[in-house]
Amino acid sequence: MPTAFLLMALLLAAAAASATAEAAGSLVVTHGCGMSCGGVVIPYPFGIGGGCFRKGFEIECVNNGRPVLAGTSIQVVHLSADPAESLVLLPVGWMCYNASNPSKAADFSYAETEMNKDGVYRISNTHNELVVLGCNTMAYTASGKTEGGGAAYPYAYYTGCMSYCNDSASARDGLCAGVGCCRVDIPPGLTGNYFEFHAYNHSTMMDYSPCDYAFLVDRNNYTFRRSDLLMDTNRTSPVWLDWAIRGDVLSCTQAAKTGQSACVSAHSDCVDSTNGPGYNCKCSKGYDGNAYLADGCTNIDECAHPVKYPCYGVCKDTQGSYQCTCHPGYESDDPRTEQCVPKFPLAAQISTGAIGGALVIAFTAFVIIIRKEKRKTKEFYEKNGGLTLEKAKVIKLFKKEELKPVLKISNLIGKGGFGEVYKGVVDDILVAVKKPISGNVLENKQFANKVIIQSQVIHKNIVRLIGCCLEVDTPMLVYEFISKGSLHDILHRVDNKEPLNLDVRLSIVAESAHGLAYMHSQAHTKILHGDVKPANILLDDSFVPKISDFGISRLIAIDKEHTANVIGDMTYMDPVYLQTGLLTEKSDVYSFGVVILEVISRKKATHSDNNSLVTSFLECHKEKKKATELFDKEIATTGNLELLDTLAGIAVGCLNLDVDQRPSMTDVVARLLTLNRSRMV
Ligand SMILES: *[C@@H]1O[C@H](CO)[C@@H](O)[C@H](O)[C@H]1NC(C)=O
Ligand SMILES: *[C@@H]1O[C@H](CO)[C@@H](O)[C@H](O)[C@H]1NC(C)=O
Ligand SMILES: *[C@@H]1O[C@H](CO)[C@@H](O)[C@H](O)[C@H]1NC(C)=O
Ligand SMILES: *[C@@H]1O[C@H](CO)[C@@H](O)[C@H](O)[C@H]1NC(C)=O
Ligand SMILES: *[C@@H]1O[C@H](CO)[C@@H](O)[C@H](O)[C@H]1NC(C)=O
């Protein structure tokens, strides 16, 4: 493990610094039995010194820090716990000839080693190969000596190859294929280093190939050179050894049975050896370290090693594993192996971006507009005396939004010079919203005061002001909705004319008078209507009249529509007022007189015909004539004529051009009351 190696090297470096007494490169013991020798890290089960190694894995640190397999001169180059491997330098087998007798081997070495006394090693068949050099020779390795068995040959394994050279130029560098050099794979199970040679007459090749060689070697390490045909017989060769926990226990199953497994670490697994009997220990997936040591296996922080443990998203280490998720808005079938891609395709992303951008702009604009609107709303509210009215707490102050649903063209029930009237439901009450044409020039104080005054006018014959909306240029007024419409409509509707008996007419006149009288009698501020006419007398389902369109309602209408000296309808207008320009309660009385005439005649008074209706009645009265033919046929029955005459008399009184002779509304009410009583009797 490169990580483990690095870590160990660091530890060693630190330890080495403190262990100055030791000779450079000599044995350095770090904490516990973690140790190294000559730069070679020695992991358990390997170890130097008593208690630090498992049986068969002892290492000696000789001379100037040369680690060797204990009891041998075999140098150790590398040791590792997982994979269970050792790299060692093994001697080369050879056979040499003497020019004095070139047909017979003068000297040789089997290169046999006593490296595997405890049988823990196997020559790695995967990492090594057998190489034979020479001209000409045949060599082989033999292994697995069968002691005293009845086998035909003394070894369990024989494997080798033949090398022949036609002449001195035959062998070629880099080519180990039977000419000067041959090589062969080896089987698993080889336990040692041992070579035998067949001797060949070397008389013709003594100058370029006096010796033959055979050796095991890291298959990635050796490349043939023609010069190697003359190489040093002392040469060693790097060979990988597989090691395993062997001995009596030959497999993981057996180890488990004994309960004495060498795999002592938590998060470790036992695996059977693939090269010979026995088993090895490995840290479980997601763990790293030495499985042969207690607590040797530790969690791997996979996120710290993105090359080994890739994650294309957000990496999060967990015990024994790691989580890898894509960033929000990204996805991947497996972010450990596949790039996270945006959930939307690029085109969609771009368009989303564009739409998003547009939205942001639109939203910003919207916010600006809303802010401006809000500021304007507040300005209007204040201009229209909102603060004063707020304090007064006399009527409801509607928000613009609350009235919005009412102000639909389908709800429009009236339209004129004053503006528009809409019918709708607000706060579960049927209302009429009067929306004046904008351009109101009222001072806020004036408006607020009028509202306060009007809000105090609560009478069953006066249309009630429920509230208003001040958040617009010209305030909108919210009234109770009066179902039947105006007296004008009831009286003069062309088609579908409703019958109106005398009782009803009398009641309408009397109660309207009540309403007007109440207005005129207001203790603090006398309210003058200024535009009394049938169109401004509304009727509910029971024909109860309600005076409307006065006070602020009129104020607003006047201010925007008419020039100051033209108030109301000329048809009903007091000629005295027209002359003086001074509106008094008697002006309303005059107008009411005209209303009475309309009610009893069911004829429309019109200014354009010099007010013929009024003049007709006045003339009759002047001439002390009965106005029988002027009365509406429906009510002008014999029994009613007297009463109608009296009623006409009251009306004429109201129309008196001498203001002082005119009765007050209270007088009118009293007279009508008397009339009604006389009728009851
Ligand atoms: C070769 O043999 C001769 C005579 O036996 C001997 O003197 C000589 O040392 C030998 N050479 C080698 C290299 O062994
Ligand atoms: C083999 O060796 C002989 C004698 O040295 C030489 O004449 C011949 O050309 C060689 N053959 C090849 C194929 O190298
Ligand atoms: C060895 O080869 C040489 C040259 O070919 C020959 O003269 C000699 O007799 C051979 N020796 C034996 C023992 O065959
Ligand atoms: C072969 O192994 C030796 C000893 O371990 C080493 O020094 C050398 O660099 C290796 N050569 C190659 C080509 O790997
Ligand atoms: C080979 O090794 C032996 C013993 O270790 C030594 O005496 C001899 O000089 C060595 N030969 C060479 C060529 O190094």
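Just so we're clear, the structure is a prediction, and the values are computed from it rather than from any experiment. In each ligand, atom 1 is the first atom listed, and ligand 1 is the first ligand listed.
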shortest atom 12 (C) of ligand 2-to-protein heavy-atom contact is with Asn166 ND2, 3.2 Å
query: Gln319 versus Tyr287: any side-chain heavy-atom pair under 4.5 Å?
result: yes
- Message: My question is simple, although I want it checked carefully: is atom 14 (O) of ligand 3 less than 4.0 angstrom from any protein heavy atom?
- Response: yes
Nearest non-hydrogen protein atom to atom 6 (C) of ligand 3, with distance, is Asn201 ND2, 4.1 Å
Give a yes or no on whether atom 2 (O) of ligand 2 lies under 4.0 Å from any heavy atom of the protein.
yes
Arg183/Asp185 ion pair, N-O < 4.0 Å:
yes
| message | Under a 3.5 Å distance rule, please check whether Asp272 uses its side chain to pair with a backbone N or O of Ser251 as donor and acceptor. | response | no
Partner of Phe215 under ring-ring contact (aromatic ring centres under 6.0 Å, His included), picked from Phe195, Tyr194, Tyr222, is Tyr222
Ranked by distance from atom 5 (O) of ligand 2, the top protein heavy atom is Asp167 OD2, 3.8 Å
Tell me if the aromatic rings of Phe53 and Trp243 count as close, with their centers under 6.0 Å from one another.
no
Atom 4 (C) of ligand 3 sits nearest the protein heavy atom Ser203 OG, 3.2 Å
Inset, instruction - Kindly state if atom 10 (C) of ligand 2 has a protein heavy atom within a strict 4.0 Å cut-off, that is, under 4.0 Å? - result: yes
| said: Please check this pair: side chain of Asn98 against backbone of Pro102, looking for a donor-acceptor N/O pair closer than 3.5 Å. | reply: no
